[in-house]
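Step one of this worksheet: look at the structure below.
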Amino acid sequence: EQTHKQLLDTQFALDSVGIGIHWVDVATGRFLYVNQAAASLLGYATEEMLQMTVSDIDPNMPAEVYAEICKLIRAEGHIRRDSMQRAKSGADIPVSLNIFFHPGSDGTADRFITFLTDISQRKAAEKALQEAKDAADAANVAKSAFLANMSHEIRTPLNAISGMAHLLRRSGLNDLQRDRLDKMEGASQHLLEIINSILDLSK
């Protein structure tokens, strides 16, 4: 009775811990044990998942890939990886997996013991961060394009003003006209320096 109570307590803890737990038969990939958290994550009853294999819930785990993963886990003893699991509804749920190899003994088969957590919120945050970065990069490209166009659009008439001022100076001017022309050329040169400074800052 005491052993039975301990087993019930252990079962309660495994179902209540909030982390999904799978025991998987290494040879077949079939689930030997699934706790309530793991089943609920995918919308299955635990009894349903005990009739399934790893390939049934992992769209990226066909038989040949499963065989390679098995070799890796046997060799390393433990791996940690992110993956996708397909819910009963057809939705793909991102999960983080901690998989341990547990060799069989006394006639029991080798098994994998897997602890999994839902990382949907983390993936959503990473996606939002990437989208924000992409938006910032796009804004930066747009700013650079705008400044380049602005530079061209302002420099062209400024060059025309400077050129015309040069031609006027050669045509013979009185002192008043020469003074006004000097001021016009000085103002256009000052404006050109401001534009060049803005473009240097943007770089």
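Residues take their numbers from the sequence shown, with the count starting at 1.
Other residues, nucleotides and ligands contribute more than 12 heavy atoms inside 6.0 Å of the CD atom of E193. Counting non-hydrogen atoms of neighbouring residues, nucleotides and ligands closer than 6.0 angstrom, the CG atom of D134 exceeds 12 such neighbours. Atom CZ of R169 sits in a crowded spot, with more than 12 heavy atoms from other residues, nucleotides or ligands closer than 6.0 Å.
A distance of 5.5 Å separates CE of M61 from OG of S83, quoted to the nearest 0.5 Å. One distance of note links CD of E64 with CD1 of I69; it measures 11.5 Å at 0.5 Å rounding. Atom-to-atom distance recorded for M49:CE and R30:CZ is 12.5 Å, nearest 0.5 angstrom. The line from OG1 of T114 to CZ of F31 is 8.0 Å long, rounded to the nearest 0.5 Å. Rounded to the nearest 0.5 Å, atoms OG (S162) and CE (M164) are 11.5 Å apart. A distance of 8.0 Å separates CZ in F100 from CZ in R80, rounded to the nearest 0.5 Å.
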_Criterion salt bridge (charged side-chain N to carboxylate O under 4.0 Å, His left out) on D182 and R178, from CA distance to verdict_ = CA-CA 6 Å; D182 289 342; R178 187 175 296 105; over 6 Å; no
*I would like to know whether D118 and I93 meet side chain to side chain contact (heavy atoms under 4.5 Å, CB included); could you show each step before the answer?*
CA-CA 7 Å; D118 183 357; I93 299 175; 3.7 Å; yes
*Does the side chain to side chain contact (heavy atoms under 4.5 Å, CB included) test come out yes or no for E47 and L50, once each step is laid out?*
CA-CA 5 Å; E47 294 78 11; L50 293 179; 5.6 Å; no
*Please walk me through it: do R86 and D92 pass salt bridge (charged side-chain N to carboxylate O under 4.0 Å, His left out)?*
CA-CA 4 Å; R86 184 151 293 164; D92 287 335; 2.7 Å; yes
*Derivation of the side chain to side chain contact (heavy atoms under 4.5 Å, CB included) call for F112 and I73*: CA-CA 9 Å; F112 295 135; I73 302 173; 3.5 Å; yes
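Residue N174 comes nearest to Q177 through the heavy atom pair OD1-N, 2.7 Å, listed as atom of the first residue, atom of the second, then distance. Among all heavy-atom pairs drawn from S55 and A63, the shortest one is OG-N, 4.4 Å. Residues G43 and K88 come closest through the heavy atom pair O-CD, 3.5 Å.
Ring orientation note: the planes of Y33 and W23 are tilted relative to one another, at an angle of 30° to 60°.
Between H78 and I99 there is no side-chain heavy-atom pair separated by less than 4.5 Å. Proximity of L32 to V24: side-chain heavy atoms (C-beta onward) are nowhere separated by under 4.5 Å. Contact annotation: the side chain of L173 approaches that of L181 to within less than 4.5 Å [non-hydrogen atoms, C-beta and beyond]. In this structure, the side chains of F101 and C70 stay at 4.5 Å or more apart for every pair of heavy atoms. In this structure the side chain of V95 never reaches within 4.5 angstrom of the side chain of M84, judged on heavy atoms. The shortest side-chain heavy-atom distance between K123 and E126 falls under the 4.5 Å cut-off. In this structure the side chain of E68 never reaches within 4.5 angstrom of the side chain of L72, judged on heavy atoms. Looking at V34 and H22, their side chains come closer than 4.5 Å, going by heavy atoms from C-beta outward.
Side-chain atoms of D58 never come within 3.5 Å of backbone atoms of V54 as a donor-acceptor pair (strictly under, hydrogens ignored). Side-chain atoms of S171 come within 3.5 Å of backbone N or O of L168 as a donor-acceptor pair. A donor-acceptor pair is defined here as one N or O able to donate and one able to accept, closer than 3.5 Å; no such pair exists between the side chain of S188 and the backbone of L158. The closest donor-acceptor contact from the side chain of S40 to the backbone of A37 lies at 3.5 Å or more, if one exists at all. A donor-acceptor distance shorter than 3.5 angstrom exists from the side chain of D110 to the backbone of G104, with no hydrogens or angles considered. For Q189 (side chain) and G186 (main-chain N/O), no donor-acceptor pair under 3.5 Å exists by modelled atom type. N35 contributes a side-chain N or O that, together with a main-chain N or O of I21, makes up a donor-acceptor pair within less than 3.5 Å. A donor-acceptor contact shorter than 3.5 Å is absent between the side chain of D56 and the backbone of M52. In this structure a side-chain-to-backbone donor-acceptor pair under 3.5 Å is missing from Q51 to E48.
Each of L41 and I119 belongs to its own hydrophobic cluster when Ile, Leu, Val, Met, Phe, Trp and Tyr are linked at side-chain heavy-atom distances under 4.5 angstrom.
Judged purely by distance below 3.5 Å, without hydrogens or angles, the side chains of D25 and T28 pair a donor atom with an acceptor atom.
We find that K183 and D179 are joined by a salt bridge, their nearest charged nitrogen and carboxylate oxygen being less than 4.0 Å apart.
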